[in-house]
Amino acid sequence: MIAIDGFVATGKGTIAKQLAKKYDLYHIDTGAFYRAIALKTILHPHDNIDKILDFINLKWEKGKIFLDGVDVSLKIREQEVTNQIDRICNLAKVREFVTLLTRNIAKGESVVVDGRDIGNNILPHADLKFLIIADKEVRIKRRVKQNEAKGIDTSYKIVSEDVEFRDKRDKLNMGNVPERIVIDNTYLTLEETIKEMSKYIDQIL
Ligand code: DC
């Protein structure tokens, strides 16, 4: 069981996917669950969060997320959905829902799970816990570039404020886990990051 927590634009999702492939692990992206719940609140604007969670049917199958039977893997990445996550992601009920769902999926599997609170909350007994960090300036530039590639017109200032806001929130959710292995990929390529993390994984697998 490998837990990967990381800040926005550190590439943790891609890193987790690559490690899953390399070590034949089952990858679970917990951010996708928050995104899918946010999407459901957009689709059902008049339902309160209790109703949303009572009736939601979330399935995670091999890197794809199904909301009430529909594959929403691409839809949940849209800006409209991202904007709504802030409203729901710190509600205790929502966090509890995602925690239980993730633990259920992870049960009995060899997993690599990425998110914010995996090492401290979702899988506190993980064999390895990583924390991916990178300089804020570099992450902002990465995000601006990613947005440009998607055709989203955002200024450095807007992205910078957004990253600032998310960092504060993510830090609180990550808690303090002394055994987390900190990987700083400010100056590392994806391949170099994988290589660095593999040194630790090779010791336990
Ligand atoms: O990893 P991501 O950017 O797709 O996650 C979407 C949002 O969900 C992110 O803004 C923070 C939240 N999140 C969280 O609070 N805890 C997690 N374990 C995963 C994601």
Side-chain angles (χ1 to χ4, degrees), residues 1-20 27-42 49 52-53 56 58 60 63-65 67 72-106 111-126 129-134 136 139-140 142-147 150 152 154 158-177 180 183 185 190 193:
M1 246 181 209
I2 298 175
I4 301 182
D5 291 307
F7 289 96
V8 68
T10 50
K12 66 184 162 32
T14 313
I15 293 166
K17 249 185 244 164
Q18 296 237 344
L19 288 174
H27 171 227
I28 307 172
D29 166 12
T30 57
F33 301 149
Y34 287 96
R35 289 174 178 277
I37 296 167
L39 174 58
K40 176 118 187 174
T41 66
I42 295 170
I49 198 66
I52 295 278
L53 295 177
I56 200 166
L58 273 190
W60 175 256
K64 287 199 166 149
I65 181 111
L67 170 64
V72 292
S73 311
L74 288 179
K75 182 85 189 156
I76 57 162
R77 304 282 154 199
E78 288 178 8
Q79 195 59 38
E80 186 197 6
V81 177
T82 306
N83 292 343
Q84 292 304 314
I85 298 174
D86 296 336
R87 278 195 317 112
I88 57 118
C89 85
N90 268 358
L91 298 175
K93 280 176 190 166
V94 173
R95 298 207 73 79
E96 196 181 326
F97 182 92
V98 174
T99 300
L100 295 179
L101 177 68
T102 309
R103 285 184 187 152
N104 258 333
I105 301 171
V111 290
V112 52
V113 184
D114 80 273
R116 308 297 193 285
D117 60 340
I118 313 303
N120 59 323
N121 171 43
I122 295 190
L123 301 175
H125 305 298
K129 299 175 185 179
F130 288 104
L131 176 64
I132 318 286
I133 64 165
K136 200 180 286 174
R139 290 186 290 121
I140 294 166
R142 283 180 192 164
R143 193 37 57 98
V144 169
K145 226 171 150 185
Q146 284 164 356
N147 283 348
K150 284 188 203 164
I152 302 166
T154 38
I158 288 175
V159 175
S160 151
E161 283 167 4
D162 191 49
V163 168
E164 196 99 26
F165 170 78
R166 276 161 212 274
D167 278 1
K168 274 197 200 120
R169 185 191 60 201
D170 290 346
K171 224 177 256 175
L172 290 175
N173 285 330
M174 280 170 189
N176 186 19
V177 182
R180 270 194 187 117
I183 305 286
N185 72 8
L190 176 62
T193 305

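Computed from a predicted structure; not experimentally measured. Each ligand, and each atom within it, is numbered from 1 in the order the structure gives.
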TODO: From the options L19, T30, I4, select the one residue that forms a side-chain contact (heavy atoms from CB on, under 4.5 Å) with D114.
DONE: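 So, applying the side-chain contact (heavy atoms from CB on, under 4.5 Å) to D114 and each of L19, T30, I4, only I4 qualifies.
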TODO: Could you verify whether a donor N or O on one side chain and an acceptor N or O on the other, from R139 and T10, lie under 3.5 Å apart?
DONE: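 No, no side-chain donor-acceptor contact under 3.5 Å.
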- [ ] Starting at CD1 of I85, measure out to CD1 of I37 and round the result to the nearest 0.5 Å.
- [x]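 Atom-to-atom, I85:CD1 and I37:CD1 are 10.0 Å apart.
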Open item on the list: How long is the straight-line distance from CD1 of I49 back to OG1 of T41, given to the nearest 0.5 Å?
Closed with: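 It is 6.5 Å, given to the nearest 0.5 Å.
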What short N/O contacts, under 3.5 Å, does ligand 1 make with the protein, listed by atom pair and distance?
unit_1   : atom_1 : unit_2 : atom_2 : d
ligand 1 : 1 (O)  : K12    : NZ     : 3.0
ligand 1 : 1 (O)  : R116   : NH1    : 3.0
ligand 1 : 3 (O)  : R35    : NH2    : 3.3
ligand 1 : 3 (O)  : R116   : NH2    : 3.4
ligand 1 : 4 (O)  : R35    : NE     : 2.7
ligand 1 : 4 (O)  : R35    : NH2    : 3.3
ligand 1 : 10 (O) : R166   : NH1    : 3.4
ligand 1 : 10 (O) : R169   : NH2    : 2.8
ligand 1 : 15 (O) : R95    : NH1    : 2.9
ligand 1 : 15 (O) : R95    : NH2    : 3.4
ligand 1 : 16 (N) : R95    : NH2    : 3.0
ligand 1 : 18 (N) : T30    : OG1    : 3.1
ligand 1 : 18 (N) : R116   : N      : 3.1
ligand 1 : 18 (N) : D117   : OD1    : 2.8

Task: Set of side-chain hydrogen bond (donor to acceptor under 3.5 Å, both in side chains) partners for Q18, sequence neighbours left out - done: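 Not a single residue meets the side-chain hydrogen bond (donor to acceptor under 3.5 Å, both in side chains) criterion with Q18.
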Task: Sole residue of N120, N90, D117 in side-chain hydrogen bond (donor to acceptor under 3.5 Å, both in side chains) with N173 - done: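 By the side-chain hydrogen bond (donor to acceptor under 3.5 Å, both in side chains) criterion, N173 pairs with just one of N120, N90, D117: N90.
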